[in-house]
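Here is the structure we will look at, set down as structure tokens.
These numbers come from the heavy atoms of this one structure, side chains and all, not from hydrogens, waters or symmetry mates. Positions are given from 1, in the same order as the sequence printed here. In each ligand, atom 1 is the first atom listed, and ligand 1 is the first ligand listed. A quick note: this is a predicted structure, and the numbers were derived from the prediction, not measured.
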Amino acid sequence: MHSAPTALAPEWLAVPDDPDDLAEGVWPASAHRDAEGALVLGGAPVADLVRSYGTPLLVIDEGEVRRRAAALRDAFEAAASAHGTTARVYYAGKAFLSTVVARWMVEEGLNVDVCTGGELQVALAASVEPSRIGFHGNNKSVTELESAVEVGVGTIIIDSAIEIERLAAITARAGARVRVMLRVNSGVHAETHDFLATAHEDQKFGLPLADAEAVVARIREIPGLEFVGLHCHIGSQIFGVAGFRESASRVLDLHAVLLEDGPVPELNLGGGFGIAYTRVDDPAPVGELAEGIVTAVAEGCAARGIDVPALSFEPGRAIIGNAGVTLYEIGTIKDVVLENGARRYLSVDGGMSDNARTALYGAQYSARLASRAGDGEPVLSRVVGKHCESGDIVVDHEYLPADAAPGDLLAVPATGAYCAPLSSNYNHVPRPPIVSVLDGAARLIVRGETVADLLSRDAGIPESDSGADPTQTSEGER
Ligand code: LLP
């Protein structure tokens with residue numbers, strides 16, 4: 001194998017001078033190598049973490065999560081205050097939710113956005129004050145809506161006309177009144193560096209702007225519903241403010257019309273702020289982002305002669321994504337030599353079951369040797385999992401040191417968002433444990449599954465066998 005650029009490497013991936021370096025912004029700020037070259041996360045040496053919890057292991061840097069949450073809250077509050085309004089930040093729990101993380105959010109002054117009854121239960125189990133919860137979903141069941149009304153969820157984001165009638169009946173039965181927003185579809189779809197504006201978006205969320213006036217009129221007729229404003233979310237992993245600006249402008253046209261018939265005190269512009277998965281991603285600093293978006297809203301309001309509403313935002317990935325690092329053990333290595341170059345396949349002990357994003361979205365990640373620094377030239381490598389599927393790729397393209405070997409630990413950064421939540425038991429692989437690290441101490445925040453957990457759902461096993469020893473695995477055997 002050789003380190004010369006190969007035709008198999010994508011153009012964006014440069015051959016690194018040092019295949020052990022940790023790209024700033026991709027890794028948690030606490031990540032560094034100790035004197036021996038081993039990776040340390042949140043003050044905890046990865047070898048210690050793996051000794052206690054095994055591999056694969058998802059490590060969440062608590063300090064990084066808290067810092068990013070606080071930075072977003074501060075940035076939006078400051079930008080809003082400069083324009084004479086307020087801003088609230090909701091953490092989008094779909095990116096990664098556990099009771100511990102929900103508590104961190106509350107402690108950092110954030111609210112929590114949930115999109116199913118299950119996520120709602122996690123937030124409630126974490127004692128998140130119901131009034132701080134926003135409840136989303138394009139198909140909330142009657143049972144989910146009933147429990148949201150019963151516990152007094154702060155805002156329900158209505159996603160369809162049918163939901164209005166469901167909520168009318170539920171609030172009438174309960175004698176309750178709930179704050180609601182209406183999710184609209186601004187026709188702006190933003191993906192990474194570009195955005196696309198169309199007349200009608202072909203997707204399931206929200207209502208077209210053109211239908212919203214009549215729908216809001218219906219909401220306002222219902223005594224149990226307090227209409228507080230419009231909600232719009234234009235996509236995820238978005239860089240720049242252009243898409244938000246265009247979307248805000250379209251939504252403000254409707255907002256201004258709705259003001260003619262009653263109060264519209266709030267506006268929620270969703271989440272979607274992009275993060276760095278590899279060194280070529282360059283997200284804007286949160287201060288710039290907040291200032292750009294809030295200024296666009298304020299200018300839009302001034303142009304229409306209306307007050308700036310109270311604003312809210314729902315970032316998920318930008319808070320938790322870069323705080324997560326997945327640790328794997330390298331099992332097998334193969335060199336594949338093709339006509340136009342060579343590629344090394346490093347197989348790890350997890351894969352698409354703990355990170356489906358590469359297979360699902362063609363997402364790009366990076367990787368580094370973790371148990372030690374490497375000692376060899378950079379080799380174009382592909383990190384693959386242990387699943388019975390050729391698309392089971394964790395890191396599509398990365399240069400790793402030539403001496404990477406079976407038994408080495410490999411770390412994949414930026415796995416804090418949408419990896420654990422999208423995980424599966426494909427091939428009956430148990431889901432890995434999740435630990436948080438802070439100041440050198442590790443804390444289990446979600447225990448790993450065992451094969452026994454998986455077998456416990458198999459209704460074909462005779463009762464007397466279900467607790468039998470062969471189904472029990474120790475942490476190390478996961
Ligand atoms: N608010 C709403 C209404 C959303 O639908 C979403 C994401 C968010 C906020 C948070 O977006 P964020 O700030 O995390 O980008 N599984 C995909 C992402 C799906 C995002 C769904 N909605 C992925 O792994 O890239």
Side-chain angles (χ1 to χ4, degrees), residues 58 65 68-69 71-73 75-76 88-97 101 105 110-116 119-120 123 133-140 155-160 181-186 188-192 195 201 203-207 229-241 243-244 247 251 267-278 281 283-284 286 289-290 293 311-324 326 352 354-365 394 412 414-424:
L58 175 57
V65 177
R68 286 176 176 259
L72 276 158
R73 185 208 59 208
F76 279 104
R88 265 196 287 191
V89 177
Y90 286 76
Y91 169 63
K94 67 207 80 185
F96 176 85
L97 196 60
V101 169
M105 294 304 141
L110 273 67
N111 306 280
V112 179
D113 143 20
V114 300
C115 69
T116 62
E119 287 185 0
L120 175 60
I133 298 175
F135 190 18
H136 271 283
N138 64 300
N139 186 18
K140 305 177 197 75
T155 313
I156 295 179
I157 296 92
I158 291 179
D159 198 279
S160 65
M181 300 191 100
L182 178 67
R183 181 163 177 176
V184 291
N185 185 338
S186 67
V188 172
H189 187 68
E191 274 293 336
T192 69
F195 78 87
E201 263 209 290
Q203 52 107 334
K204 69 175 183 173
F205 292 110
L207 282 135
L230 298 170
H231 177 287
C232 183
H233 171 81
I234 58 171
S236 211
Q237 185 60 1
I238 300 167
F239 292 86
V241 297
F244 291 101
S247 178
V251 173
L267 175 64
N268 186 326
L269 291 174
F273 313 132
I275 64 164
Y277 281 96
T278 72
D281 293 325
V286 292
L289 201 66
I293 296 173
L311 300 174
S312 33
F313 299 91
E314 298 168 339
R317 186 189 321 258
I319 291 173
I320 198 110
N322 293 107
T326 306
M352 64 193 300
D354 60 78
N355 185 351
R357 296 192 67 261
T358 307
L360 258 183
Y361 313 117
Q364 300 295 340
Y365 282 90
V394 181
V412 176
T415 55
Y418 301 110
C419 288
L422 284 167
S423 63
S424 75

For ligand 1, which atoms sit closer than 4.0 Å to a heavy atom of P315?
-> 13 (O)
Run the numbers for me: atoms of ligand 1, each under 4.0 Å from some heavy atom of G272, listed by number.
-> 11 (O), 12 (P), 13 (O), 15 (O)
Quick one: is the NZ or CZ of R357 closer than 6.0 Å to the six-membered ring centre of Y365, and within 45° of its axis?
-> no
Heavy-atom contacts under 4.0 Å between I157 and ligand 1: side chain, backbone, both, or neither?
-> neither
Centroid-to-centroid, Y418 to Y277, below 6.0 Å?
-> no
Nearest neighbour in protein (non-hydrogen) for atom 17 (C) of ligand 1 = Y361 OH, 3.2 Å
Minimum-distance protein heavy atom relative to atom 8 (C) of ligand 1 | H233 CE1, 3.4 Å
Numbered atoms and elements of ligand 1 in range of G316, under 4.0 angstrom, heavy atoms = 12 (P), 13 (O), 14 (O)
Who passes side chain to side chain contact (heavy atoms under 4.5 Å, CB included) against D354, sequence neighbours left out?
-> P56, T326, Y328, P432
Between the candidates K94, R317, H231, which shows the shortest non-hydrogen contact distance to atom 25 (O) of ligand 1?
-> R317
Do H136 and H233 have a side chain donor and acceptor closer than 3.5 Å?
-> no
In terms of residue, atom name and distance, what is the protein heavy atom nearest to atom 24 (O) of ligand 1?
-> R357 NE, 2.6 Å
Taking only non-hydrogen atoms of A92 and a 4.0 Å limit, the atoms of ligand 1 in range are 8 (C), 9 (C), 10 (C)
closest protein heavy atom to atom 14 (O) of ligand 1 is Y418 OH, 2.6 Å
Before signing off on this row, confirm whether S236 and ligand 1 have an N or O atom pair separated by under 3.5 Å.
-> yes
How far apart are the closest heavy atoms of C232 and S247, and which atoms are they?
-> SG-OG, 3.3 Å
Numbered in order shown, the ligand 1 atoms found under 4.0 Å of a heavy atom of E314 are 1 (N), 2 (C), 3 (C), 8 (C), 9 (C), 10 (C), 13 (O)
Taking side-chain hydrogen bond (donor to acceptor under 3.5 Å, both in side chains) as the test, write out the residues that go with R73, two or more places apart.
-> none
